[in-house]
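Working notes for the structure below.
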Amino acid sequence: MKKIIAMILAGTMALSMMACAAPAAAPAAEPAAEAAPAAEETAEEAPEASGFTTVADGVLTMGTNAYFPPYEYYEGEEIVGIDAEIAAAVAEKLGLTLKIEDMEFDSIIIAVQTGKVDMGLAGMTVTEERKENVNFSDTYATGVQVVIVKEDSDIASVDDLADKMIGVQLGTTGDIYCTGDFGEDHVDKYNKGNDAVMALVSGKVDAVVIDNEPAKSYVAANEGLKILETEYVTEEYAAAINKDNTALLDAINGALAELKADGTLDAIIGKYISAE
Ligand code: ARG
């Protein structure tokens, strides 16, 4: 399966690289990059190290799955949340305008690989397997996989999940861990985290494994649910970037470092997550 995807990607990537071979000058970071003479020589070569290219000139296109509060969710028509604000701050540092594209969580890495988006930012956990397909930026937040159950459930810890039905969001680390630990037959996969929680409410599954912050908002929004105290797995979130675009990776890391140093990152996270 992985091989097939890799082959398809190799093909589409060659195409998309040809399509974006003309260097979009990196506005703020590298004003001198404009006069990149090497570009017309070989259309298939990766962008030169001095500047980064983006899918659309002057735009930082972010792929996300906007059903993951408080990292990304809809407020009316607008996608807001920690990731949306961090991305806007990064884009500003790079002299770009931010464009957010909402998609299935499962499609984000492929969108990064095939050059549909510049960066996946979706409370996405850094994993060794994903690293085979994308580069990850420096991490900007920590997540914990937790278990949501009904208040009167007999499930008291992760170990009690063995014979149960577990709801997860398709393609997330919750899905990967539960499928690995308890087997496909015990895992019900939903496109949105909220759909998994609805399945728990209606009794179709016995538990939901999901990241702690969205878990808190789902429990707050639905009566009769609780989060188990035992945590399942602790993880780090980072932005996913196309492996060929190391110049963009460097630029994003540079922007993130500045936002960390000047307190912007903490302020954004603090706005959505109250310290316990
Ligand atoms: N942290 C988990 C993962 O990387 C879940 C992320 C889900 N994010 C989302 N925007 N729906 O697999």
Side-chain angles (χ1 to χ4, degrees), residues 1 63-77 79-84 101-111 120-125 127 129-130 141-235 237 272-273:
M1 175 65 175
T64 197
N65 171 254
Y67 298 89
F68 198 69
Y71 286 91
E72 43 266 332
Y73 56 99
Y74 280 93
E75 220 169 68
E77 304 265 274
I79 296 172
V80 298
I82 295 171
D83 288 339
E101 286 196 15
D102 188 16
M103 56 187 73
E104 304 292 3
F105 182 75
D106 211 23
S107 306
I108 298 173
I109 290 203
I110 294 173
L121 198 65
M124 187 183 284
T125 304
T127 71
E129 204 179 1
R130 289 174 182 164
T142 301
V144 184
Q145 294 298 311
V146 296
V147 185
I148 310 176
V149 293
K150 284 198 173 165
E151 256 160 16
D152 58 2
S153 171
D154 59 351
I155 300 170
S157 79
V158 174
D159 299 332
D160 298 333
L161 292 175
D163 307 316
K164 306 288 184 178
M165 256 336 265
I166 310 160
V168 297
Q169 183 180 17
L170 179 71
T172 60
T173 47
D175 176 6
I176 296 162
Y177 301 141
C178 288
T179 305
D181 287 348
F182 307 108
E184 290 282 354
D185 291 351
H186 289 277
V187 184
D188 239 350
K189 305 175 187 217
Y190 297 87
N191 275 326
K192 297 186 177 83
N194 193 49
D195 294 345
V197 174
M198 287 306 113
L200 174 62
V201 169
S202 69
K204 273 172 77 186
V205 299
D206 306 301
V208 167
V209 168
I210 198 161
D211 305 50
N212 56 336
E213 290 304 329
K216 282 187 211 162
S217 25
Y218 291 137
V219 167
N222 295 282
E223 239 163 76
L225 302 181
K226 66 175 182 189
I227 299 172
L228 294 187
E229 267 168 37
T230 53
E231 297 175 340
Y232 190 10
V233 185
T234 302
E235 1 182 80
Y237 295 164
Y272 290 91
I273 301 176

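As the structure is a computational prediction, the values presented were derived from the model and not from experiment. These numbers come from the heavy atoms of this one structure, side chains and all, not from hydrogens, waters or symmetry mates. Index from 1, following the sequence.
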Exercise for the section: Give me the ring orientation class for Y74 and Y67: parallel if the planes are under 30° apart, tilted from 30 to 60°, perpendicular past 60°. Expected result: tilted
Practice task
Enter the distance from N65:CG to I79:CD1 here, rounded to the nearest 0.5 Å.
Solution key: 9.0 Å
Exercise for the section: Using salt bridge (charged side-chain N to carboxylate O under 4.0 Å, His left out) as the criterion, list what pairs up with E229, not counting sequence neighbours. Expected result: none
Practice task
Verify, without hydrogens or angle tests, whether T64 (side chain) and L121 (backbone) share a donor-acceptor contact under 3.5 angstrom.
Solution key: yes
Practice task
Flag the pair V209 / L161 as yes when at least one side-chain heavy-atom distance between them is below 4.5 Å, and no otherwise.
Solution key: yes
Completion exercise
Between the CD1 atom in I148 and the OG atom in S153, the distance rounded to the nearest 0.5 Å is 12.0 Å
Practice task
Please examine the side chains of L225 and K150, heavy atoms only from C-beta on, and report whether any two atoms are closer than 4.5 Å.
Solution key: yes
Exercise for the section: Quick one: closest heavy-atom pair of D106 and G171, and the distance? Expected result: OD1-CA, 3.7 Å
Practice task
Taking all heavy atoms of T230 and all of V158, pick out the closest pair and write down the distance.
Solution key: OG1-N, 3.7 Å
Exercise for the section: Please examine the side chains of I109 and M124, heavy atoms only from C-beta on, and report whether any two atoms are closer than 4.5 Å. Expected result: yes
Handout entry: For D181, side chain to side chain contact (heavy atoms under 4.5 Å, CB included) partners two or more places apart
Key = Y232
Exercise for the section: Determine, using ring centers only, whether Y237 and Y71 are less than 6.0 Å apart. Expected result: yes
Problem - Any N212 side-chain heavy atom under 4.5 Å of I227 side chain - result: no
Handout entry: Straight-line distance of D102 CG to E72 CD, nearest 0.5 Å
Key = 9.0 Å
Handout entry: Candidate list V187, D154, V205, V147, test side chain to side chain contact (heavy atoms under 4.5 Å, CB included), partner K164, passing option
Key = D154
Exercise for the section: Identify the two heavy atoms, one from G174 and one from Q145, that lie closest to each other, and give their separation to 0.1 Å. Expected result: CA-OE1, 3.4 Å
Problem - Any T173 side-chain heavy atom under 4.5 Å of R130 side chain - result: yes
Exercise for the section: Give, for atom CD1 of I166 and atom CD1 of I155, the distance between the pair rounded to the nearest 0.5 Å. Expected result: 8.0 Å
Exercise for the section: Side-chain contact test, heavy atoms from C-beta onward, threshold under 4.5 Å: evaluate it for V146 versus K216 and give yes or no. Expected result: no
Exercise for the section: Identify the two heavy atoms, one from G123 and one from F68, that lie closest to each other, and give their separation to 0.1 Å. Expected result: CA-CE2, 3.9 Å
Practice task
Side-chain contact test, heavy atoms from C-beta onward, threshold under 4.5 Å: evaluate it for Y218 versus N194 and give yes or no.
Solution key: yes
Handout entry: Shortest non-hydrogen contact from A111 toward M103
Key = CB-SD, 3.7 Å
Handout entry: Side chains of Q169 and N191, donor plus acceptor under 3.5 Å
Key = no
Practice task
Find the distance between CG (D211) and OG1 (T125) and round it off to the nearest 0.5 Å.
Solution key: 5.5 Å
Exercise for the section: Taking D188 for its side chain and G167 for its backbone only, find out whether a donor-acceptor pair lies under 3.5 Å. Expected result: no
Fill in the blank from the handout: All heavy atoms of V144 vs all of E231, minimum pair found to be CG1-CB, 3.5 Å
Practice task
Tell me, yes or no, whether the heavy-atom count around E223 atom CD, taken from other residues, nucleotides or ligands under 6.0 Å, exceeds 12.
Solution key: no
Exercise for the section: Please tell me if the side chains of K189 and T179 come closer than 4.5 Å, counting only heavy atoms from C-beta onward. Expected result: yes
Exercise for the section: Salt-bridge test for D195 and K204: reply yes if a basic N is under 4.0 Å from a carboxylate O, no otherwise. Expected result: no
Fill in the blank from the handout: Rounded to the nearest 0.5 angstrom, the OG-CG distance for S107 and L170 is 9.0 Å
